[in-house]
Amino acid sequence: APFSATAQAPIVMKIGTATINDSQWEWMKHFAARMEETAKGRIKVETYPSSQLGGIPRMIEQTQFGAIQGWCGPPEFLSGVDSRYQVLSAPGLFKDLPHTNRTLQDPAFNKAFLDLGANKGLKGIGLIISGPTTFVSRKPIRTLTDFEGMKVRVLAAPLQMEQVRALKMAPIPMALGEVLPALQQGALDGVMSCTPVFVALRFNDAAKYLIETNHGLISAIAIISKTWFDKLPADLQEAVTEAGKKATSDVYQFSLDDVNNGRATWAKNGGEVISLSAEEHAKLQALLAPVGERVVEKNPGEKALFDLLKQAATRTQQA
């Protein structure tokens, strides 16, 4: 029978993120628009950027308990829920952003990664690129020795912390809202993240040097409450899953442009963009390449997912 509109109010789906004007926020807007198409008005998506629903740990908890319906952000923040969420931080796996995206969307890896939180009340519905891993710093960095002794903000995942230690820096996990004041006051010397984040949050005021090491990936996952999802009728479950897939392919070009435009915006705002020499970059890669294996070998679950990621990266090397 054709779908007939009932007098029932639509189901409200609240989804939040800590950032704004970046690929996470963009993904959420596309997801809301796609849900209009796929759910035919029966689910209304409300998007909340800029931590309007609370800090990241709070949003993740609320999603687990179904108090809100979703969150979008770096999967490393979920490593307290399941340590396997950190594997995408591993350095040295991708040759460029198109290759990275092909790996993230590789069916075997993508499914395994999105399914990680199932026993903890979470369901992944999209996995996207934020950008290659880069640093900002209060001082110029042109050689590896310039990194030594710096205090650098990282995400609270062993894989991120070990990369920074490999470069002889001190890793400092810290909530996003505290980073800029810490940079301004000199409590932090730098930050490891990606260019779009640095540009969106205007870090150039406190740390004007952007060092394009491009040694790994900062990604984002969209997760929803599995409890909430499981209660939906089958056709609406399909609508949510489908909208998640579509939003993921919608946002890919935005992510690429965001990285490329970010470099120009950084320079325009008075920052300096630094690339290491080929020789220094090769040294950096050599130091960081073994970090992934070293961190995951202690945990069979992490090791298995890391191996799956490496296989996907090898499979998708050619477009």
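Nothing here was measured: the structure is a model prediction, and the numbers come from that model.
- Proximity of a side-chain donor or acceptor of Thr213 to a complementary backbone N or O of Thr133 within less than 3.5 Å is detected.
- Under the salt bridge (Lys or Arg N to Asp or Glu O under 4.0 Å) criterion, the residue pairs touching residues 200-215 are Glu212-Arg263, with sequence neighbours excluded.
- Counting only distance, with no hydrogens or angles, the side chain of Lys298 and the backbone of Arg294 share a donor-acceptor pair below 3.5 Å.
- Here Ile218 sits alone; no ILVMFWY side chain lies under 4.5 Å from its own, so it joins no hydrophobic cluster.
- Side-chain atoms of Val259 and Leu97, non-hydrogen and from C-beta on, do get closer than 4.5 Å to each other.
- The ring-ring contact (aromatic ring centres under 6.0 Å, His included) contacts involving residues 148-200 comprise Phe198-Phe203, where partners must be two or more places apart or lie in separate chains.
- Side-chain contact check for Ile172 versus Leu188: some heavy-atom pair is nearer than 4.5 Å.
- Side chains of Asp106 and Thr103: no donor on one and acceptor on the other come within 3.5 Å.
- Formation of a donor-acceptor pair under 3.5 Å by the Asn299 side chain with backbone atoms of Gly301 is found in this model.
- Hydrophobic cluster membership differs between Leu217 and Leu210, with clusters built from Ile, Leu, Val, Met, Phe, Trp and Tyr side chains linked at under 4.5 angstrom.
- Pro233 has its side chain within reach of Leu236: a pair of non-hydrogen atoms, C-beta onward, lies under 4.5 Å apart.
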Next on the checklist: Set out, in order, the CA-CA distance, both residues' side-chain angles and the distance that settles side chain to side chain contact (heavy atoms under 4.5 Å, CB included) for Thr316 and Phe94, then state yes or no.
Outcome noted: CA-CA 10 Å; Thr316 55; Phe94 310 113; over 6 Å; no
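- Proximity of Ile11 to Leu232: side-chain heavy atoms (C-beta onward) are separated by under 4.5 Å at one or more points.
- With Asn204 contributing its side chain and Asn269 its backbone, the two residues share a donor-acceptor pair below 3.5 Å.
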Validation: residues 111-127 side-chain donor-acceptor distances under 3.5 Å, sequence neighbours left out:
| from | atom 1 | to | atom 2 | distance (Å) |
| --- | --- | --- | --- | --- |
| Lys111 | NZ | Asp115 | OD2 | 2.5 |
| Lys120 | NZ | Val81 | O | 2.6 |

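- Taking CG of Leu183 as the start and CD of Glu178 as the end, the distance is 12.0 Å to the nearest 0.5 Å.
- Inter-residue side-chain proximity for Ile224 and Val240 is flagged as met; some heavy-atom pair is nearer than 4.5 Å.
- Contact annotation: the side chain of Leu144 approaches that of Leu276 to within less than 4.5 Å [non-hydrogen atoms, C-beta and beyond].
- No single ILVMFWY cluster, assembled from side-chain heavy atoms under 4.5 Å apart, contains both Phe31 and Ile129.
- Between Met35 and Ala243, the shortest heavy-atom contact is SD-CB, 3.4 Å.
- Atom CD1 of Ile211 and atom CD of Glu272 lie 9.0 Å apart (nearest 0.5 Å).
- Using a cut-off of 4.0 Å between Lys/Arg side-chain N and Asp/Glu carboxylate O, Glu36 and Arg42 are scored as not salt-bridged.
- Tested against Trp27, the residues Thr47, Asp250, Thr248 include a single side chain to side chain donor-acceptor pair (under 3.5 Å) partner, Thr248.
- Looking at Thr19 and Gln24, their side chains do bring a donor and an acceptor atom within 3.5 Å of each other.
- A heavy-atom distance below 4.5 Å is found between the side chains of Tyr85 and Ile221.
- Residues forming a side-chain contact (heavy atoms from CB on, under 4.5 Å) with Glu279 (at least two apart in sequence, or on another chain): Ser277.
- Side-chain contact between Arg142 and Glu280: absent, with no pair of heavy atoms (C-beta onward) separated by less than 4.5 Å.
- With sequence neighbours excluded, no residue forms a side-chain contact (heavy atoms from CB on, under 4.5 Å) with Thr314.
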Item to check | Derivation of the side chain to side chain contact (heavy atoms under 4.5 Å, CB included) call for Lys310 and Glu293 | outcome: CA-CA 11 Å; Lys310 283 196 308 184; Glu293 291 288 354; 2.3 Å; yes
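- Atoms CD and OG, from Gln163 and Ser89 in turn, are 6.0 Å apart once rounded to the nearest 0.5 Å.
- Listed here is the closest heavy atom pair of Val291 and Ala166: CG2-CB, 4.1 Å.
- Between Gln69 atom CD and Ile15 atom CD1 the span is 9.0 Å, to the nearest 0.5 Å.
- The 12-atom threshold is not exceeded at CD of Glu238, counting heavy atoms of other residues, nucleotides or ligands nearer than 6.0 Å.
- Counting only distance, with no hydrogens or angles, the side chain of Thr265 and the backbone of Asn261 share a donor-acceptor pair below 3.5 Å.
- For residues 39-65, no residue pair satisfies the ring-ring contact (aromatic ring centres under 6.0 Å, His included) rule, not counting sequence neighbours.
- Lys139 and Asp189 are not joined by a salt bridge, as no carboxylate oxygen comes within less than 4.0 angstrom of a charged side-chain nitrogen.
- Remark: Asn110 CG to Leu308 CG distance equals 10.5 Å, nearest 0.5 Å.
- Heavy atoms only, all atoms of each residue included: Ala90 and Phe306 are closest at CB-CE1, 3.4 Å.
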Next on the checklist: I'd like to know whether Lys151 forms a side chain to side chain contact (heavy atoms under 4.5 Å, CB included) with Met169, so could you lay out the CA-CA distance, the side-chain angles of the two residues, the decisive distance to 0.1 Å, and finally the verdict.
Outcome noted: CA-CA 6 Å; Lys151 298 187 291 290; Met169 295 187 280; over 6 Å; no
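- Annotation: ring-ring contact (aromatic ring centres under 6.0 Å, His included) contacts involving residues 128-180, sequence neighbours excluded, comprise Phe135-Phe147, Phe135-His215.
- Partners of Pro49 under the side-chain contact (heavy atoms from CB on, under 4.5 Å) rule, at least two apart in sequence or in another chain, are Thr17, Ile20, Trp25, Gln52.
- Across all non-hydrogen atoms, the minimal contact from Ser137 to Met150 is OG-CE, 3.8 Å.
- Every residue two or more places apart in sequence or in another chain that forms a side-chain contact (heavy atoms from CB on, under 4.5 Å) with Ser225 is listed here: Thr63, Thr227, Trp228.
- Once rounded to the nearest 0.5 Å, the distance linking CZ of Arg138 with CD of Gln184 reads 9.5 Å.
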Give the table of side-chain donor-acceptor pairs shorter than 3.5 Å for residues 53-62, with sequence neighbours excluded, one pair per line with atom names and distance.
| from | atom 1 | to | atom 2 | distance (Å) |
| --- | --- | --- | --- | --- |
| Gln62 | NE2 | Leu53 | O | 2.9 |

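- Within the 3.5 Å criterion, the main-chain N or O of Lys14 finds no donor-acceptor partner in the side chain of Glu46.
- What you find for Arg153 and Leu176 is that their closest heavy atoms are NH2-N, 3.8 Å.
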Item to check | Check against side chain to side chain contact (heavy atoms under 4.5 Å, CB included), His99 and Gln317 | outcome: CA-CA 6 Å; His99 175 225; Gln317 201 110 57; 3.7 Å; yes
Item to check | Working for side chain to side chain donor-acceptor pair (under 3.5 Å), residues Gln311 and Asp307 | outcome: CA-CA 6 Å; Gln311 288 156 14; Asp307 289 344; 5.8 Å; no
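- Sequence neighbours left out, the pairs with a member in residues 83-103 that pass salt bridge (Lys or Arg N to Asp or Glu O under 4.0 Å) are Asp82-Arg84.
- A distance-only check finds a donor-acceptor pair linking the side chain of Asp146 to the backbone of Thr143 [under 3.5 Å].
- When every heavy atom of Val164 is checked against every heavy atom of Ala170, the shortest pair comes out as CG1-C, 3.9 Å.
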